[in-house]
Participant: 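Please find one structure pasted underneath; my questions will follow.
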Amino acid sequence: MYIQIKDLCFRYGNSKMNTIRNFNLSVNQGQIVSILGESGSGKSTILRLLCGLETPSQGVISIGGKTVTDDRSFVLPEKRGIGMVFQDYALFPHMTVAENIQFGLKGFGRKAKKQRVEEVLDLVNMKDFSKRYPHELSGGQQQRIALARALAPKPSLLLLDEPFSNLDADLQIKIRSELRDIIKKTGITSIFVTHDREDSKAIADRIITMRDGSAYDWDSICTIKSEFPEEQPMTIS
Amino acid sequence: MKLFRKLPGYANIWSWLSLMIVVLILMPNITILLNFFTEKAENWGHIQEFILPDLLKNTSLLMVFTGVLSILIGTSLAWLVSAYDFPMKRFFKWALILPLAIPPYIAGYTYNGILNYTGVIQTTLRNQWGIEVDQKYFDILTLPGAVFIFTLFLFPYVYTITRAFLANQSASIVENARLLGRNAWEVYFRIVLPISRGAIVGGVSLVLLEVLNDYGLVQYFGVPTFSTAIFQTWFGMNDLTSAIKLSATLMFIVFGILILEKVLRGRKKYSYASAKVRPLTPVRLKGVKAWTAFSYAFVIFSLGFLIPFIQLVDWMFLTFDKIASPEFTSLLTNSLLVSFVGAAMIVVFAVIIANFARMHQSIVSKSAARVTILGYSIPGAVIAVGISTVFIQIDQWLFGFYDWVGMDPTLVLSTSLFMLISAYVIRFLAIGYNSIESGFDKVGHQFTEASRMLGMNVTQTFFKVDARMIRGSLISGFILAFIEILKELPLTLILRPFNFDTLSTKAFQYASDEQIHEASLASIIIVIISGIAIYIFHQVLEKEPN
């Protein structure tokens, strides 16, 4: 298993109930997993726990064989090597597209940086936009840059938080398939969160449904769609 | 076991620095509170019996009357400006904040200079019409006189906060009340005042804290309050321990006000959670009504800014040649220097704590934030007593070290500018903090999180992303703190090194030595710099969408 989440629990400081209750999930390398759930189901929190922006109260997370958190340890988010596309993209408004993408390329030489920026811009079909500022781009373009920025440092895992929620309906359908192609081209393991069943169906290899802080079921469609039919379904917890 | 997970997040420079700053702020205050219960003071019995009742009486009278009058003037002007259109309203909207540019002690001696026997009013009456007036009608150096000055020059706190609230929050409620057939007065008393309670209480508690903080005005007017009594026992009777006990008593009064503020604001939140606010549409006044509204605003503006300002300018021209000397240049440099260094340190400290507080939404960080704001409620004289006690103690610990490095084992730190600037930081940190915190709030967490997901740690993220995005707040925090330090009197008066004068201490000295005219140049510089800052903040910044 590439990613293992065991008995994960989490509670926000001001709430009495656990937002995440004994959450379990394992993901194979290269798989695109969708976490489907209504707002408040805790699906975004799973992403924040995976990348280290929140600290779980209990449970173990390991990525690529390395334990990133358990009872005795916690790896800071900047050390986890995970890429994330935020719901509203969070492109730095004071940097150009190229500068945004370069931002994550720590330890690259100048030439290597430039080359990598060109590569990922090419990947998302935005080659001509490197000098633009984020506010000069449309919503769909911003999203592609956010994706390019997350992919540039070659992360071990890509997380996408509601990637389509800020797009117009017709744009959404077009970008869905595009997004799946890009991710598949890089072969990166990805987890994305959505409240839209259609999004999940269009992109994911596998769909997890969340309710009240636990992954409670395989979605039935997903068994048909899954590229990994041999895998055991989730235990109900 | 959660601790092991939490530790890596806390183990960075921001946490350590925040801890240090919190200790720095708490030390003087805790020293005062501890000494209140332990140390015996020689004069305390005497003070308790003969002085304290007077202090309590004067302080309560000043607070009650200034409080009530500021509410009356502040809310009525706020309502007038938000709900009605009348001649020059757009000007009054920000000009009514200008009285804040004139510190009460400057206003006090200016008014005394206008009203006394040699002042412009009495000389005109005498020389033009030969009228000799009874001096008692022109004596402003009384408790009611102090209330008059405090009210006129502090009411803008109530005015600004209430106006901001009314402009953004009240539209639908007020319009509904009108539709239900209520006339203007009914709307004001039955709707506007009750719904703005939170804003009014917030504004008036700032006014009261300023009254407690004041030293210059009450000293000049001869109205003994806690600040003057602390000076008197400390420097007049040389009894620091009694001064500490007085300071502690004053601190309890401050805590009382803060608690009262919390209680009065109550649990009810008179604001909408929704971000979509509709501004109140003003009603156009016509004829007599329009000119009555104009006259009211104009009278308050004249009394609170125009008249003292013109008088100061007039005196400045009278005395300019005499006062503008190399010595004055050094005053100006001193003022600008301490204000600059102080404000810069405030911004740095405020950024450290604000960033720490937003990274960790925990009790620790929330208390750190609370402590940071604490200093602003504590009167200058109290902070001065606390901080010099602490610094003298530190000096005594360091005697051995001074000796060892070959210096005279005397008081080094407690006679240095370092102590004065530390005191500024403690007192005005809240100003920088509030500005920076609101900057962080506006930007949100997403950019910081995005940066950390791209491999930058907290410190790299701060310099590459956060600092750039809250630049505006950093600058405004700096300017606001700069102005406050420039105007500050009691702290500077007590804690400045020997022979170190600033614009405010010199102005106060001139005025105290009956050289009111000579005080005008220093005063006018303070007033103009503060006035420009107010103009920029409330006129220029308000027009920008963000």
Side-chain angles (χ1 to χ4, degrees), chain A residues 9-14 47-59 61 68-95 99-108 134 146 149-153 155 157-159 161, chain B residues 1-15 273 275 355-369 439-440 442-475 545-546:
Chain A
C9 291
F10 174 78
R11 175 164 54 174
Y12 282 104
N14 50 8
L47 292 195
R48 296 178 62 81
L49 286 163
L50 261 170
C51 65
L53 291 173
E54 302 290 353
T55 315
S57 53
Q58 192 186 313
I61 302 175
V68 291
T69 184
D70 59 17
D71 278 348
R72 323 222 109 245
S73 65
F74 183 82
V75 179
L76 291 174
E78 62 265 26
K79 308 255 188 232
R80 291 194 182 185
I82 295 176
M84 174 121 158
V85 177
F86 288 80
Q87 187 169 2
D88 30 20
Y89 319 134
L91 294 172
F92 304 125
H94 59 295
M95 298 181 192
E99 284 165 348
N100 260 289
I101 296 172
Q102 273 181 23
F103 190 86
L105 300 176
K106 265 208 296 190
F108 279 55
R149 186 177 70 173
L151 288 172
L157 168 66
L158 179 68
L159 306 176
D161 190 2
Chain B
M1 288 304 101
K2 185 121 188 250
L3 186 66
F4 287 106
R5 298 190 205 246
K6 285 277 180 195
L7 271 181
Y10 276 101
N12 57 45
I13 187 97
W14 300 87
S15 312
N355 201 29
F356 170 72
R358 88 186 176 119
M359 281 190 295
H360 311 281
Q361 300 292 330
S362 63
I363 299 172
V364 183
S365 58
K366 274 181 194 150
S367 352
F440 273 137
K442 258 185 228 156
V443 173
H445 281 271
Q446 47 166 351
F447 298 108
T448 312
E449 289 177 348
S451 160
R452 297 197 64 192
M453 294 313 302
L454 291 164
M456 298 292 174
N457 67 27
V458 177
T459 309
Q460 291 163 328
T461 299
F462 175 77
F463 285 107
K464 290 193 167 172
V465 178
D466 300 334
R468 310 279 170 92
M469 305 203 60
I470 60 161
R471 201 172 52 191
S473 310
L474 293 176
I475 295 171
N546 259 323

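Chain naming here is simple, since letters A, B, ... match the order of the sequence lines and numbering starts at 1 in each.
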Participant: So which part of A:T69 gets closer than 4.5 Å to some heavy atom of chain B, the side chain, the backbone, both or neither?
Facilitator: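 A:T69 touches chain B through backbone and side-chain heavy atoms alike.
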Participant: Sort A:L91 into side chain, backbone, both or neither according to what part of it lies under 4.5 angstrom from a heavy atom of chain B.
Facilitator: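 Answer is backbone: N, CA, C or O of A:L91 sit under 4.5 Å from chain B.
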Participant: Of all of A:G104, A:G81, A:G83, which one pairs up most often with chain B through heavy atoms under 4.5 Å apart?
Facilitator: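 Among the listed options, the one with the most contacts to chain B is A:G104.
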Participant: At their closest point, which heavy atom of B:K464 faces which heavy atom of A:M95, and how far apart are they?
Facilitator: O-CE, 3.8 Å
Participant: Does any heavy atom of chain A fall under 4.5 Å from the side chain of B:R452, the backbone, both, or neither of them?
Facilitator: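 B:R452 touches chain A through backbone and side-chain heavy atoms alike.
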Participant: Give a yes or no on whether the backbone of B:G455 and the side-chain of A:K106 come within a donor-acceptor separation of less than 3.5 Å.
Facilitator: yes
Participant: For A:P93 and B:F447, work out which heavy atoms get closest and say how close.
Facilitator: CD-CE2, 3.7 Å
Participant: For each of A:R149, A:M84, A:K79, tally heavy-atom pairs with chain B at distances under 4.5 Å, and name the one with the top tally.
Facilitator: A:R149
Participant: Tell me, for A:I82 versus chain B, whether the close heavy atoms (under 4.5 Å) come from the side chain, the backbone, both or neither.
Facilitator: both
Participant: Against chain B, label A:F92 side chain, backbone, both or neither, depending on which of its atoms sit under 4.5 Å from a heavy atom there.
Facilitator: both
Participant: Does any backbone or side-chain atom of A:P77 lie under 4.5 Å from a heavy atom of chain B? Answer side chain, backbone, both or neither.
Facilitator: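 Both parts, heavy atoms under 4.5 Å.
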Participant: With the side chain counted from C-beta on, respond yes when A:L53 and B:M453 share a heavy-atom pair under 4.5 Å apart, and no when they do not.
Facilitator: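 Yes; the side chains approach each other to less than 4.5 Å.
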Participant: Do you know which of A:G59, A:G52, A:A152 has the most heavy-atom pairs with chain B at a distance under 4.5 angstrom?
Facilitator: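 Result: the option with the highest number of such pairs is A:G59.
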Participant: What is the minimum heavy-atom distance between A:E78 and B:M456, and which atoms define it?
Facilitator: CB-O, 3.3 Å
Participant: Tell me, side chain or backbone of B:S451 under 4.5 Å from chain A's heavy atoms, or both, or neither?
Facilitator: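 Answer is both: backbone and side chain atoms of B:S451 are under 4.5 Å from chain A.
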Participant: Using heavy-atom distances under 4.5 Å, tell me whether A:R80 contacts chain B through its side chain, its backbone, both, or neither.
Facilitator: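 For A:R80, no heavy atom lies under 4.5 Å from chain B.
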Participant: For the candidates B:Q446, B:Q460, B:M469, which exhibits the highest count of non-hydrogen atom pairs separated by less than 4.5 Å from chain A?
Facilitator: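 The option with the most such pairs is B:Q446.
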